[in-house]
Amino acid sequence: MLALLTALPASGAPGGSTGPGPSAGSGDPGAAPAPPAPVSSDRPSAVPADSLIASGPTDSEAIVVLDCRSGAVRARVRTPAPLGAPVVADFAAGALYAVTRPGELLRYSLPGLTLQARQALAFEPTALGASRGPDALVLAGGRGATPLSAHDPDTLAVLMRYPSDGPAQVAAVLDVAPRGRFVVGFADRPELWEIAYDRNAPAVLRGLVHDYRMGEAVTLPGRLTSRPFAVPSASRELVAGASAFELLRVDTDGLPGVVNLDVRREIEHPRIGTLPRTVAAQAWSADNRRGWLIANAHGPARVVEAPNWRVSTFELGGAALALGPGARPGESSVLIRAPKGTELLRVDAAGAQVLRRVRLPAAATGAQRIAAGSDGQCVALLDGQGHWVGRSDGSP
C-alpha cells in the first residue's frame, strides 16, 4: 500500500488540493498540482466505428484494440504492471485509461495505444471511472488513507485528493452522466459519495444544523467536492439505473438495495435474497417502465421493477455468464452455459421471458463475456482472458 508521503517513482508524484471527506477537513486548496510525467504528445487518429477494447482479468497486463466484427487485432500494448481495475475507454476523445496494482494511472491513445501520460497514485488502486465531454474527469480509487483522487483527463495531473479519517477502500466508481456526477462506494464504511464534475454544479454547504439555520455553513465549490451520505452498510458494487436518480447497490453481504440519489438514501430492498459475487445485473426500460434484470449461475433470472418493486422470475435454461445490450428497449442479451453447450439468449426483461435462443458454434463455446464495440452496434463475445471468440449473432 502506498502512503501519501512515501517517496514516489520517477513516473510522477501526487499533488494538488485535498478534497473534503465526510470526517476530514480540506487541505491546502492553493497547492500547485505536481505535473504528471510526460510520455507522448501524439494526437490520436479517428477511432474506427467498430473498435472493441479487450483486456484480461484485472491481474493481467494486456490491453488490445480489436475489430469487433472479425476479431482482428488493431493494436496491442503490455502495461508496466498488472492491472488493478477494469480499463475505461473514451472513444470520442481517443483515450483509454488504466490503473496498475503498484499504483499508477495511465492514459493511452486510441486506436493506437500509445502511452500519452502517467501519474503515480497515493494508494493501491481498485476502481476507476472516467466521464466524457467538455467536463471530462478521471476518478481513481483504492486502498489507503487517501483512497481517492480526481485527475485531468488529458495530462492526468491531480486536481483533487480525498483523505479519509482512517484507512479506507473504494469498492466502486460509477459515472452517472445525466447528473454530471460520480457515485463512489466503499468496501469498509456505510456511506456513498457523490462527486460532481459538471463545472456548473451548485455549491456544497458544510456545517451543523445550527450553521445552516444561521447562514454560517461553509460554502465549498460544487465541482470536485465530495457529497457524502449514509447507507445501511458497506458496498460491494454499484449498478446504474435506467433513471438517473436511481442505482442498485449490492452490499458486502450480497444484499441488494435501491438508492435514490435525489433524496440521498437507500429507499428499498427488493425481495430477491442475497446475491453471489458472480451475479450480473443490468438496467432496462420500456414503455415508461424501468428496473433491473439480475442473473447468476444458480437459480432463475429475476426482474426488479420500479417504483412498485415487484419481482418477477423466469428460467434461462442454464447458468448465466454475462449480460449485454439488447436489440430493442427493454431487451437484454444473456450468455448462458446450458447442458448441451453455450447459448446466447435474447431476453425481454420487461416481460420476464426468453424470446430467442441461439446455440453457439464450437469455436465460441469458451465465451464468458459480452462486449459492445465503439459504435454500439457490433456486440462481440470474449473468453475469460479477453480473447475474441465470435459475434453476438452467433457467427464464428
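Note that the numbering runs from 1 along the sequence shown for the chain.
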Partner of Leu381 under side chain to side chain contact (heavy atoms under 4.5 Å, CB included), chosen from Ile370, Thr342, Leu321: Ile370
4.5 Å side-chain heavy-atom contact, Leu316 and Val334: yes
From CA spacing to verdict: side chain to side chain contact (heavy atoms under 4.5 Å, CB included), Val258, Leu248: CA-CA 5 Å; Val258 178; Leu248 186 70; 4.2 Å; yes
Got a second to check how far Phe245's CZ is from Arg264's CZ, nearest 0.5 Å? 16.0 Å
Considering all heavy atoms of both residues, which atom of Val99 and which atom of Ala140 are nearest to each other, and what is their separation? CG1-CB, 4.4 Å
Only residue of Asp251, Asp253, Thr252 satisfying side-chain hydrogen bond (donor to acceptor under 3.5 Å, both in side chains) with Ser233 is Asp251
State whether Glu305 and Arg290 are salt-bridged, where the test is any N-O pair (Lys NZ or Arg NE/NH1/NH2 against Asp/Glu carboxylate O) under 4.0 Å. no
Under a 4.5 Å cut-off applied to non-hydrogen side-chain atoms, are Val138 and Leu128 in contact? yes
So Arg356 and Asp348, salt bridge (Lys or Arg N to Asp or Glu O under 4.0 Å) or not? Walk me through it. CA-CA 9 Å; Arg356 184 169 179 260; Asp348 174 13; over 6 Å; no
Kindly compute the distance separating CD1 (Ile53) from SG (Cys68), expressed to the nearest 0.5 Å. 11.0 Å
Once rounded to the nearest 0.5 Å, what's the spacing between atom CG of Leu345 and atom CG of Leu355? 10.0 Å
Does a side-chain heavy-atom distance below 4.5 Å link Arg227 with Leu220? no
Heavy-atom count around Asn308 CG within 6.0 Å, excluding the residue itself: above 12? yes
Taking it one step at a time, do Arg189 and Asp165 satisfy side chain to side chain contact (heavy atoms under 4.5 Å, CB included)? CA-CA 11 Å; Arg189 54 189 56 206; Asp165 55 358; 3.2 Å; yes
Would you say the side-chain atoms of Asp383 pair up with the backbone N or O of His387, donor to acceptor, closer than 3.5 Å? yes
Restricting to non-hydrogen atoms, name the atom on Val204 and the atom on Pro221 that form the minimum distance, rounded to 0.1 Å. CG2-O, 4.1 Å
Could you check whether any side-chain heavy atom of Arg302 comes within less than 4.5 Å of a side-chain heavy atom of Leu275, counting everything from C-beta outward? yes
Among the clusters formed by ILVMFWY side chains lying less than 4.5 Å apart, do Leu323 and Val354 turn up in the same one? yes
Member of Glu266, Glu237, Glu191 meeting the salt bridge (charged side-chain N to carboxylate O under 4.0 Å, His left out) criterion with Arg249: Glu266
Between the main-chain N or O of Val231 and the side-chain N or O of Arg265, is there a donor-acceptor pair closer than 3.5 Å? no
Can you check whether Val250 reaches Leu255 side chain to side chain, under 4.5 Å on heavy atoms? no
Under 3.5 Å, side chain of Ser285 to main-chain N/O of Gly330, donor-acceptor pair present? no
With a 4.5 Å cut-off on side-chain heavy-atom distances among I, L, V, M, F, W and Y, is there a chain of contacts connecting Leu174 to Val239? no
Show, in sequence, the C-alpha distance, side-chain angles and deciding distance for Asp50 and Gln377, and conclude whether the side chain to side chain contact (heavy atoms under 4.5 Å, CB included) test is met. CA-CA 8 Å; Asp50 55 356; Gln377 302 299 314; over 6 Å; no
Evaluate whether atom CZ of Arg271 has more than 12 neighbouring non-hydrogen atoms of other residues, nucleotides or ligands under 6.0 angstrom away. no
Main-chain N/O of Ala362 paired with Thr365 side-chain donor or acceptor, under 3.5 Å: yes
Ignoring hydrogens and angles, tell me if any N or O in the side chain of Asp287 forms a donor-acceptor pair with the backbone of Arg289 under 3.5 Å. no
Looking only at the side chains, is there a donor atom on one of Gln282 and Ser332 sitting less than 3.5 Å from an acceptor on the other? yes
Would you find a donor on one side and an acceptor on the other, under 3.5 Å apart, between the side chain of Tyr162 and the backbone of Leu224? yes
With the threshold set at 4.0 Å, does a side-chain nitrogen-carboxylate oxygen contact exist between Asp90 and Arg107? no
When rounded to the nearest 0.5 angstrom, what is the spacing between CZ in Arg69 and CH2 in Trp388? 11.0 Å
Give the cluster check for Val311 versus Val279: same hydrophobic cluster or not, with ILVMFWY residues linked at side-chain heavy-atom distances below 4.5 Å. yes
Atom CG of Leu105 and atom OG of Ser149: how far apart are they, to the nearest 0.5 Å? 7.5 Å
Note, Gln353 side chain near Val347 side chain (heavy atom, < 4.5 Å): no
Go through Val77 and Glu61 one step at a time and tell me if the side chain to side chain contact (heavy atoms under 4.5 Å, CB included) criterion holds. CA-CA 8 Å; Val77 71; Glu61 300 177 359; over 6 Å; no
Run the salt-bridge test on Glu343 and Arg337 with the 4.0 Å N-O cut-off and return the result as yes or no. no
is_close_aromatic(Phe186, Trp193), centroid dist under 6.0 Å: yes
Under 3.5 Å: donor-acceptor pair, side chain of Ser226, backbone of Pro228: no
Just so I know, are the side chains of Val379 and Ser333 near enough to count as touching, which here means a heavy-atom distance under 4.5 Å? no
Between Trp309 and Ile267, is there a side-chain heavy-atom distance shorter than 4.5 Å? yes
Rounded to the nearest 0.5 Å, what separates atom CG in Leu156 from atom OH in Tyr97? 7.0 Å
Report yes or no: do Arg181 and Ser131 form a side-chain donor-acceptor pair below 3.5 Å? no
Closest non-hydrogen atom pair, Leu238 against Val184: CD1-C, 4.2 Å
Taking Ile195 as the starting point, is it possible to reach Met160 by hopping between hydrophobic residues whose side chains are less than 4.5 Å apart? yes
Any side-chain donor near an acceptor of the partner, Arg74 and Ser51, under 3.5 Å: yes
Give a yes or no answer on whether the side chain of Arg223 reaches the backbone of Asp198 with a donor-acceptor pair at less than 3.5 Å. no
I need the minimum non-hydrogen distance between Ala240 and Ala283, along with the two atoms involved. O-CB, 3.4 Å
Hey, quick one: are Leu106 and Val65 part of the same hydrophobic cluster, counting side-chain heavy atoms closer than 4.5 Å, chains of contacts allowed? yes
Can any side-chain N or O of Arg161 pair as donor or acceptor with the backbone N or O of Ala150 at less than 3.5 Å? no
For the side chain of Tyr108 and the backbone of Ile63, is there at least one donor-acceptor N/O pair under 3.5 Å apart? no
Of all heavy-atom pairs linking Pro147 and Ala168, the shortest is CB-O, 3.8 Å
So which heavy atom on Ala319 is nearest to which on Ala297, and how close? CB-O, 3.4 Å
